[in-house]
Amino acid sequence: MTQNPTTMPDFVFMFAGHGSQYYNMGAMLYHSNVFFRNTILHLDKEVRNHTGSSVVEYLYGSRYNGDVIFDDIRYTNPALFMVQYALARLLQEELKVRPDYVIGSCVGEMVAAAVSGMVSPAEMLTAMIDQARIIERLCRKGGMISILADPALYEQEPLLYENTTLAAIDGKGHFTLSADDRTLLALRLWLDSHEISYSQLPVRYPFHSPLMEPARGPVIRIMQQLRYGAPEATFISGVQSGPVYQVDADYFWDVVRESIAFSAAIERLENAGPCFYIDCSPSGTCSQLVTKTLSPASSSVKQVIMSPFGQEIKHLQALLQKRQAYSL
């Protein structure tokens, strides 16, 4: 990476995982951009061929009423892939913005791998659908809670370190825990009593915890069916917090099971020089994590594209303006 702030920083495409999804995500682009819509429809055809049902009908159809929680993993898995992959392709083919690096959090790593060229997008999409079926069949229900407090609290409070798993440290004042349903209830009551701010993610399973272990063997066997290649854009691991040049089935099991190191990976990118971070997530989740990670002295740039407020066209224009500024 260059250290010269007057030249174009390296582009980093970022992809989010479970918890960032919602009904109607990407709808403005779906209805206004032919390339984005055709990519979604092409991927939806793969889903229908594999399952007999449509993610597009579920995501943009009559189920959406503005307040229903979208947490059915059978649809969130493929929907997160389809929407983020379609945006990445739009950026590359229509705006001619190509990533130097790709990075994902949780199943966002699976999108990143497809965008980087390490795996076939169709193969990864169907594998994520099969993975969801396995988890639904074999794993206990639970969830994840994002807590606005110093991560040191985890080591200080027995209720936390004895009963939950530290799924991610998202910054100096933010961390995420995974647990079963019963523990989550007790945890919410404890957080309320101590007036600690938190949000429960729209997730039905305790990802990034030992409670996912029953799915290990079947998930790895599914992922072994994929064909893996070398990345065209450097793949930054959200598990290992650094560049990875080869992935396999075991790696993608770690994406589901191990703690997320997305923020640590951003720190490593920053140590090498300024970046132009483009958030391909549905709700600006990655950009929020970058904001928590960047130092005040950083000359990096970031841009959200999708949001629940439907500002995608405006955000794409802002991206082009920021890019143009470096060529003046």
Side-chain angles (χ1 to χ4, degrees), residues 1-17 19-20 25-26 28-29 80 83-92 94-106 108-109 111-112 115-116 146 148 168-174 233-238 241-243 260-328:
M1 287 187 191
T2 178
Q3 295 282 351
N4 186 348
T6 64
T7 60
M8 178 66 72
D10 290 320
F11 286 110
V12 182
F13 283 17
M14 305 185 295
F15 306 92
S20 64
M25 58 184 176
M28 175 175 280
L29 288 176
L80 281 166
V83 170
Q84 295 184 96
Y85 181 82
L87 176 56
R89 295 300 300 157
L90 184 158
L91 292 169
Q92 292 172 281
E94 290 207 338
L95 276 64
K96 307 304 178 185
V97 178
R98 303 188 183 279
D100 299 292
Y101 297 87
V102 296
I103 181 173
S105 174
C106 189
E109 293 211 48
V111 190
V115 172
S116 76
S146 183
L148 295 177
I169 295 177
D170 306 311
K172 294 180 180 179
H174 187 193
T234 302
F235 182 88
I236 304 296
S237 169
S241 74
I260 299 170
F262 183 92
S263 294
I266 296 298
E267 288 180 355
R268 290 187 63 175
L269 282 171
E270 282 293 298
N271 289 337
C275 295
F276 196 134
Y277 298 102
I278 302 178
D279 190 345
C280 296
S281 75
S283 53
T285 304
C286 296
S287 182
Q288 294 168 15
L289 293 175
V290 168
T291 298
K292 294 175 183 294
T293 304
L294 296 186
S295 75
S298 174
S299 58
S300 290
V301 181
K302 58 186 176 65
Q303 180 62 54
V304 170
I305 306 297
M306 290 186 287
S307 82
F309 307 105
Q311 299 293 312
E312 286 86 344
I313 303 304
K314 177 181 177 181
H315 291 160
L316 286 173
Q317 292 171 346
L319 168 62
L320 292 176
Q321 290 171 358
K322 290 178 181 178
R323 183 188 186 190
Q324 181 65 22
Y326 282 94
S327 61
L328 296 178

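Given the structure is predicted, the values throughout are model-derived calculations rather than measurements. No hydrogens, no waters, no symmetry mates; every other heavy atom, side chains included, goes into these values.
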Locate the shortest heavy-atom distance separating [X] from [Y]; write the atom from each residue and the value.
{"X": "Arg323", "Y": "Leu95", "answer": "NH1-O, 2.9 Å"}
{"X": "Lys292", "Y": "His174", "answer": "CE-ND1, 3.1 Å"}
{"X": "Val111", "Y": "Leu80", "answer": "CG2-O, 4.2 Å"}
{"X": "Pro9", "Y": "Cys275", "answer": "CB-C, 3.5 Å"}
{"X": "Thr293", "Y": "Leu289", "answer": "OG1-O, 2.8 Å"}
{"X": "Val83", "Y": "Gly26", "answer": "CG1-CA, 4.5 Å"}

So, does [X] use its side chain to make a donor-acceptor pair with the main chain of [Y] at under 3.5 Å?
{"X": "Gln84", "Y": "Gly108", "value": "no"}
{"X": "Asp279", "Y": "Ser287", "value": "yes"}
{"X": "Ser20", "Y": "Gly17", "value": "yes"}

By salt bridge (Lys or Arg N to Asp or Glu O under 4.0 Å) - contacts of Arg268 (at least two apart): none

Worked check of side chain to side chain contact (heavy atoms under 4.5 Å, CB included) between Leu316 and Leu90: CA-CA 10 Å; Leu316 286 173; Leu90 184 158; 4.3 Å; yes

Qualifying residue for ring pair (Phe, Tyr, Trp, His ring centres under 6.0 Å) with Phe276, from Tyr101, Phe13, Phe11: Phe11

Worked check of side chain to side chain contact (heavy atoms under 4.5 Å, CB included) between Leu269 and Ile266: CA-CA 5 Å; Leu269 282 171; Ile266 296 298; 4.3 Å; yes

Listed partners of Lys322 passing side-chain hydrogen bond (donor to acceptor under 3.5 Å, both in side chains), at least two apart: Gln303

Could you state the interatomic distance from [atom1] ([X]) to [atom2] ([Y]), rounded to the nearest 0.5 Å?
{"X": "Thr234", "Y": "Asp10", "atom1": "OG1", "atom2": "CG", "value": "8.5 Å"}
{"X": "Leu294", "Y": "Glu270", "atom1": "CG", "atom2": "CD", "value": "4.5 Å"}
{"X": "Gln92", "Y": "Leu87", "atom1": "CD", "atom2": "CG", "value": "10.0 Å"}
{"X": "Met28", "Y": "Ser307", "atom1": "CE", "atom2": "OG", "value": "8.5 Å"}
{"X": "Ile278", "Y": "His315", "atom1": "CD1", "atom2": "NE2", "value": "13.5 Å"}
{"X": "Ile313", "Y": "Leu29", "atom1": "CD1", "atom2": "CG", "value": "5.0 Å"}

Heavy-atom side-chain contact between Cys106 and Ile260 under 4.5 Å: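 With C-beta onward as the side chain, the pair touches.
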
Side-chain H-bond candidate by donor/acceptor type, Thr291 with Lys302, under 3.5 Å: yes

Verdict with supporting geometry, Glu109 and Ser237, side chain to side chain contact (heavy atoms under 4.5 Å, CB included): CA-CA 7 Å; Glu109 293 211 48; Ser237 169; 4.1 Å; yes

Full working for side chain to side chain contact (heavy atoms under 4.5 Å, CB included) between Tyr277 and Cys286: CA-CA 9 Å; Tyr277 298 102; Cys286 296; over 6 Å; no

